[in-house]
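Here is the structure we will look at, set down as structure tokens.
Order of appearance sets the numbers: ligands from 1, and atoms from 1 within every ligand.
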Amino acid sequence: MARTPIIGGNWKLNLGRTPARDLLTALRASLDGIAGVEVVVCPPAPWLGDAADILRGSSIGVGAQNVYWQPQGAFTGEVSAALLAGVVDYVIVGHSERRHVFHETAEETNKKLQTVLGLGMQPFFAVGELREERESGRTNDVLKRQLLVGFTDIEPLPEGFVVAYEPVWAIGTGLTATPEIAQQTCADIRAIVAGRYGEATAEACRIQYGGSANAENAGNLMSQPDIDGLLVGGAALQAESFTAICKAAAAATV
Ligand code: 13P
């Protein structure tokens, strides 16, 4: 089954308005029309409108980094999926920084996923284990809980749904998971999806790897059979490296 590879650039809390606009303009020039890979950029929330304007009519999608499940009301500082839906097509849900820095629970992640899917947007559903969880052999249990709680009441899972496997120990550390570890864990994730939704849905599910992905390791990671994309942090902040990653992904999967 052919799965369209998908590369996301998660800018996190980086880049002021002018450098953000410059990067968006440069990416439009270098990546618009790229074949064989879906490309999405996720700038900080205040620049989502700029991103949508600059990338309108291009093949590059725009995503938000977070969302709140309530549609409106007295929720100071939050941004609802309903508001985002007019601006973006993708939303990162359950990023480890949301889980560990902001203490977001798997149950909250589930509410966000339901809301995003309900409005027809594509989530990047991020899961991943801590270093001590991997070292004590608990990776599969941790991922299973994050995935199954996240999937509560989501029926069916839309075709082409995106799970982002981001081992916390590899994020921003330069310690990229080896292609073998990333492949094995993405295969384990696909098996968990198959257990929940069946083989056909699992085969259609796209699983990204994230954690110190860069222009040098992208091709090797993308050539693994269960890795269908990358969620890129630091290396998404420069047009040159993000463009090289997207091109390596397109080349690795033809
Ligand atoms: P880095 O690529 O900077 O390790 O970040 C990965 C990540 O968290 C993407 O969401």
Side-chain angles (χ1 to χ4, degrees), residues 5-15 19-20 23 27 37-45 47-48 51 60-67 88-104 109 112-113 116 121-131 133-134 139 142-143 146-147 150 161-179 181-182 185-186 189 206-222 224 227-249:
I6 180 163
I7 305 293
N10 175 9
W11 296 8
K12 307 191 181 184
L13 209 178
N14 291 295
L15 301 185
L23 178 55
L27 292 176
V37 62
E38 198 172 326
V39 177
V40 181
V41 291
C42 304
W47 317 146
L48 290 174
I60 306 169
V62 180
Q65 298 173 16
N66 186 29
V67 65
V88 308
D89 293 314
Y90 304 82
V91 184
I92 301 172
V93 174
H95 192 279
S96 69
E97 287 146 21
R98 299 301 318 167
R99 294 179 194 262
H100 296 295
V101 182
F102 299 100
H103 308 294
E104 190 173 304
T109 296
K112 294 182 178 195
L113 278 177
V116 167
M121 292 184 282
Q122 170 72 267
F124 293 95
F125 175 26
V127 296
E129 81 287 2
L130 297 165
R131 185 165 59 91
E133 291 167 338
R134 175 160 288 274
T139 299
V142 168
L143 296 176
Q146 290 177 353
L147 286 163
F161 184 88
V162 178
V163 174
Y165 168 55
E166 299 208 300
V168 179
W169 46 270
I171 296 177
T173 58
L175 281 177
T176 318
T178 61
I181 289 180
T185 316
C186 288
I189 287 171
R206 294 180 291 175
I207 304 177
Q208 296 178 310
Y209 166 79
S212 302
N214 58 39
E216 286 71 46
N217 57 32
N220 212 350
L221 287 162
M222 286 301 298
Q224 304 301 316
I227 300 181
D228 308 311
L230 301 168
L231 192 53
V232 184
L237 296 174
Q238 285 102 30
E240 211 170 77
S241 49
F242 191 64
T243 299
I245 289 169
C246 294
K247 289 186 173 169

Please give me the minimum heavy-atom distance between Glu166 and Gly211, naming the atom from each residue.
OE2-N, 4.3 Å
Distance-minimising heavy-atom pair for Ala249 and Ile7:
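Heavy atoms only, the tightest pair is CB-CD1, 3.5 Å.
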Mark up the atoms of ligand 1 that fall under 4.0 Å of a heavy atom belonging to [X], in ascending order.
{"X": "Gly172", "result": "1 (P), 3 (O), 4 (O)"}
{"X": "Glu166", "result": "6 (C), 7 (C), 8 (O), 9 (C), 10 (O)"}
{"X": "Lys12", "result": "5 (O), 6 (C), 7 (C), 8 (O)"}
{"X": "Ser212", "result": "1 (P), 2 (O), 4 (O)"}
{"X": "Gly234", "result": "1 (P), 2 (O), 3 (O)"}
{"X": "Ala170", "result": "4 (O)"}

Should Gln208 and Ile6 count as side-chain neighbours, where that means a heavy-atom distance under 4.5 Å?
yes
So Leu23 and Phe242, do their side chains get closer than 4.5 Å, heavy atoms only?
no
Can an N or O of [X] be found at a distance shorter than 3.5 Å from an N or O of ligand 1?
{"X": "Asn10", "answer": "yes"}
{"X": "Gly233", "answer": "yes"}
{"X": "His95", "answer": "yes"}

If we only consider heavy atoms of Gly211, is any one of them less than 4.0 Å away from an atom in ligand 1?
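Within the 4.0 Å threshold, so yes.
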Checking Asn214 now: which residues fulfil side-chain contact (heavy atoms from CB on, under 4.5 Å) with it, not counting sequence neighbours?
Glu216, Asn217, Ala235
Please test Ile171 against His100 for side chain to side chain contact (heavy atoms under 4.5 Å, CB included), starting from the C-alpha separation and ending with a verdict.
CA-CA 12 Å; Ile171 296 177; His100 296 295; over 6 Å; no
Pair Thr173, Arg131: side-chain N/O donor-acceptor within cut-off below 3.5 Å:
no
Is Ile171 touching ligand 1 with its side chain, its backbone, both, or neither, if touching means heavy atoms under 4.0 Å apart?
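Both backbone and side chain of Ile171 come within 4.0 Å of ligand 1.
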With sequence neighbours excluded, tell me which residues meet side-chain hydrogen bond (donor to acceptor under 3.5 Å, both in side chains) with Thr139.
none
